[in-house]
Every structure is written in C-alpha cells, then in structure tokens.
Engineer: 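Quick one: structure below, then a few questions.
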2 protein chains.
Amino acid sequence: MGAEAQRRRTRQLACVLEAVRASGNEHPSADRIFARVRAVVPTISLGTVYRNLHRLAADGRIGIVHLGERLARFDPTPGGHDHFVCEQCGHIEDLPATPLDVEAGAARQAGHEVTGHALVLYGRCRTCGTETP
Amino acid sequence: MGAEAQRRRTRQLACVLEAVRASGNEHPSADRIFARVRAVVPTISLGTVYRNLHRLAADGRIGIVHLGERLARFDPTPGGHDHFVCEQCGHIEDLPATPLDVEAGAARQAGHEVTGHALVLYGRCRTCGTETP
DNA sequence: CTCGGTGCAAAGGGTTTGCATACAT
DNA sequence: ATGTATGCAAACCCTTTGCACCGAG
C-alpha cells in the first residue's frame, strides 16, 4: 500500500476520506458516504465516491469490511482487525485483531501457509444483552 | 432449522440438494448449481434454484458461505465451520470450527455476548506454497 | 499543457420477486 | 381440492465503467 503520493489531491478525494474518518464505528456503506459528502460537495457523483473509496483502500488509508451482507462497508481503521456485530440492534464494533497463530492452527496443520484472515463475531452487544428479546 | 417436514418434495428441490452435496469442497455459486441441475432438469429456472437453496439453508441442510466476494457460495456441510482460501489458485477448504472461546475474548471483555462467528483464512495452499509466484 | 479525476448515465452481475400455471399433498 | 412450488421475466440493489469535460500539477 501507498502509491498515494502520485494521486491528485482533489476536493472529492479529501471529502470522502474525511467522511470515512468521521464515521466512528458506524462502518458506513458507500451510499451513506455519498449522502454525507454530497452535503459538502453537492456535485459529487456516486461513481466518484466508489473510485475514491477504492483508491483510499488501495493506499491503505481506510479499510473495506464485508459482514456477510451484500454491500461493502468502509472503516476508518485500515489495519487488519476483527469485528463484532450485534444481531439485535445492528451495532458494529471494531475488535483488536486476533493473532493469526490462535486461529490458523488447523489450516497450518493441513499444510497451508496462512497470511491473513477475516473474522466476524455475532451476538448481542453490551446494551442489548441484558434485555429480553 | 427444520420446518423441513412441511416442504413439498419436488424434483427440483431434491436435485438442488443433490448438486450441493456432490460438490465436495468446491463451494459452488448459485450459478454453478443452476448449470448442473439443469443438466438433469432442463426446465428448472434460476429463481427456483435460489428459492430452494434458501429453503435448504433455512432447514439447516446446507450452508451459505460468504468469502468476501459479492456472490454467495453453498456448502454441503451446514454446521458452523471455518474456511481457508488460497489466494493463488482459489482453492477453498473447510476447516473445523475454531472454538468460540479462542476468538471471542476481546468481544466478551467488552461486555458482548458472542453466539457465533464467521472466519475466513487467506494464504497459500499446500499445493501452491512451495512454488515461486 | 497534460493527463488523471470528475460527472453523468448506462451497463453489469448477482439476487429477488410478481404473477399465472403446474403439481405434490 | 388446496395451496405451495415452479418458470418466466422483470425488477432490484450495489457496484463498475465508458465517455467527454474539468482541473490539479
């Protein structure tokens, strides 16, 4: 990652990055980013949002997360970390990356070289956990 | 899972299940299932394949797997288990499910109740590992 | 001036769905 | 006879892309 220097610094690129960075742990879809950037740069198009999101991800400045839905979500934290999803309220939370050694045991025993992973945990978050469904 | 008894036993449902079961560790897409079932039931439609795949999954007879691509893959093994994906040759392999306790530590420390997970490991498989890219 | 970025709009791929019909029960 | 499952085709959703113009360098 990081051919970043050769990119032109456009208003659109900066605003997309800013929108992702301001999103906390919401993990917004491209759609949501589009809506928010549009409030600042009303002429921006969805295509440009997608292109800039992919550029930022390729440069390692943001992360792309797949949580088993059809759409991609975007994450201000680029590094490989895990996610928790509350099945009741939809809350998504970043978790520190589980060390590969902990998980890769079976794959390594099978003779595979493991270089990365994606882990999503499902359950009930702190807030929903004590309530009755 | 398991309202299965109230389903009508149609040729299409049986063939879709059979196609998934015969797929080994290929983890075929709906498309591939469609092509194969069509060789046996030439009139079947893609819509019917999708509907039956979802029924089978709802009944716990097959599994649905998301590997970070946009399409869903289908797995004859329904239980919660992990997957290894070779980034060089695309080989997909089932792995025994990692015990939740191993992974859920951080989420539990944050006060969340973890009930399930999806884990995909990426790397180079046994076959590709010894070769130079 | 150059060439990468933008906006628009159309195409793309995977998946879902409405409807009339067929068929398992 | 009843009502679910099917086939067809259109709609859907998210995402990507071709093209002419714009603007950062």
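Everything numeric here is computed off the predicted structure, so don't read it as measured data. Lettering follows sequence order; numbering is per chain, from 1.
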Engineer: D:dC8, OP1 or OP2 - any side-chain N/O from B:R51 closer than 4.0 Å?
Structural biologist: no
Engineer: Does the side chain of A:T10 get closer than 4.0 angstrom to OP1 or OP2 of C:dG5 through an N or O atom?
Structural biologist: no
Engineer: Looking at A:R55, does any N or O in its side chain come under 4.0 Å of the phosphate oxygens OP1/OP2 on C:dT6?
Structural biologist: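 True: A:R55 side-chain N/O within range (under 4.0 Å) of C:dT6 OP1/OP2.
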Engineer: Atom CZ of A:R38 and atom P of C:dG7: how far apart are they, to the nearest Å?
Structural biologist: 9 Å
Engineer: Rounded to whole angstroms, how far apart are OH on A:Y50 and C1' on D:dG18?
Structural biologist: 18 Å
Engineer: Figure out the CG/P separation between B:D31 and C:dG12, and round it to whole Å.
Structural biologist: 16 Å
Engineer: Under 4.5 Å between any side-chain heavy atoms of A:V20 and A:L53, yes or no?
Structural biologist: yes
Engineer: Within the structure shown, what part of the strands sits under 4.0 Å from A:I44 by heavy-atom distance: base, sugar-phosphate, or nothing?
Structural biologist: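 Sugar-phosphate: the residue A:I44, judged by heavy atoms under 4.0 Å, touches backbone atoms but no base.
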Engineer: Do A:H117 and A:E103 have side chains that approach each other closer than 4.5 Å (heavy atoms only, starting at C-beta)?
Structural biologist: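 With C-beta onward as the side chain, the pair touches.
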Engineer: Calculate the interatomic distance between B:I64 atom CD1 and C:dG14 atom C1'; express it in whole Å.
Structural biologist: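 The distance from CD1 of B:I64 to C1' of C:dG14 comes to 13 Å, rounded to the nearest Å.
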Engineer: Taking only side-chain nitrogens and oxygens of A:T48, does any of them come within less than 4.0 Å of OP1 or OP2 of C:dG5?
Structural biologist: no
Engineer: Answer yes or no: are there more than 12 heavy-atom neighbours, outside A:R32 itself, under 6.0 Å from its atom CZ?
Structural biologist: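 Not more than 12 within 6.0 Å, no.
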Engineer: Take atom CD1 of B:I33 and atom P of C:dG14, then tell me their distance rounded to the nearest Å.
Structural biologist: 14 Å
Engineer: With a cut-off of less than 4.0 Å, is there a side-chain N or O of B:H54 near OP1 or OP2 of C:dT15?
Structural biologist: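 So the side-chain polar atoms of B:H54 never come under 4.0 Å of the phosphate oxygens OP1 or OP2 of C:dT15.
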Engineer: What does A:N52 touch in the nucleic acid at a heavy-atom separation under 4.0 angstrom: a base, only the sugar-phosphate, or nothing?
Structural biologist: sugar-phosphate
Engineer: Nearest whole angstrom, please: distance from the C1' of C:dG14 to the CG of A:L71.
Structural biologist: 13 Å
Engineer: Can you measure B:R11 atom CZ to D:dG7 atom P for me and round it to whole angstrom units?
Structural biologist: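 Going from B:R11 (CZ) to D:dG7 (P), I get 10 Å.
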Engineer: So does B:R8 reach the base of D:dT4 with its side chain, donor to acceptor, closer than 3.5 Å?
Structural biologist: yes
Engineer: Verify, without hydrogens or angle tests, whether B:H54 (side chain) and B:N52 (backbone) share a donor-acceptor contact under 3.5 angstrom.
Structural biologist: no
Engineer: Can you say whether a donor on the side chain of A:R70 sits under 3.5 Å from an acceptor on the base of D:dC13, or the other way round?
Structural biologist: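 Per atom types, the contact qualifies.
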Engineer: What integer distance in Å separates B:Q12:CD from D:dT4:C1'?
Structural biologist: 12 Å
Engineer: A side-chain contact here means heavy atoms from C-beta on lying under 4.5 Å apart; do A:V49 and A:R38 qualify?
Structural biologist: no
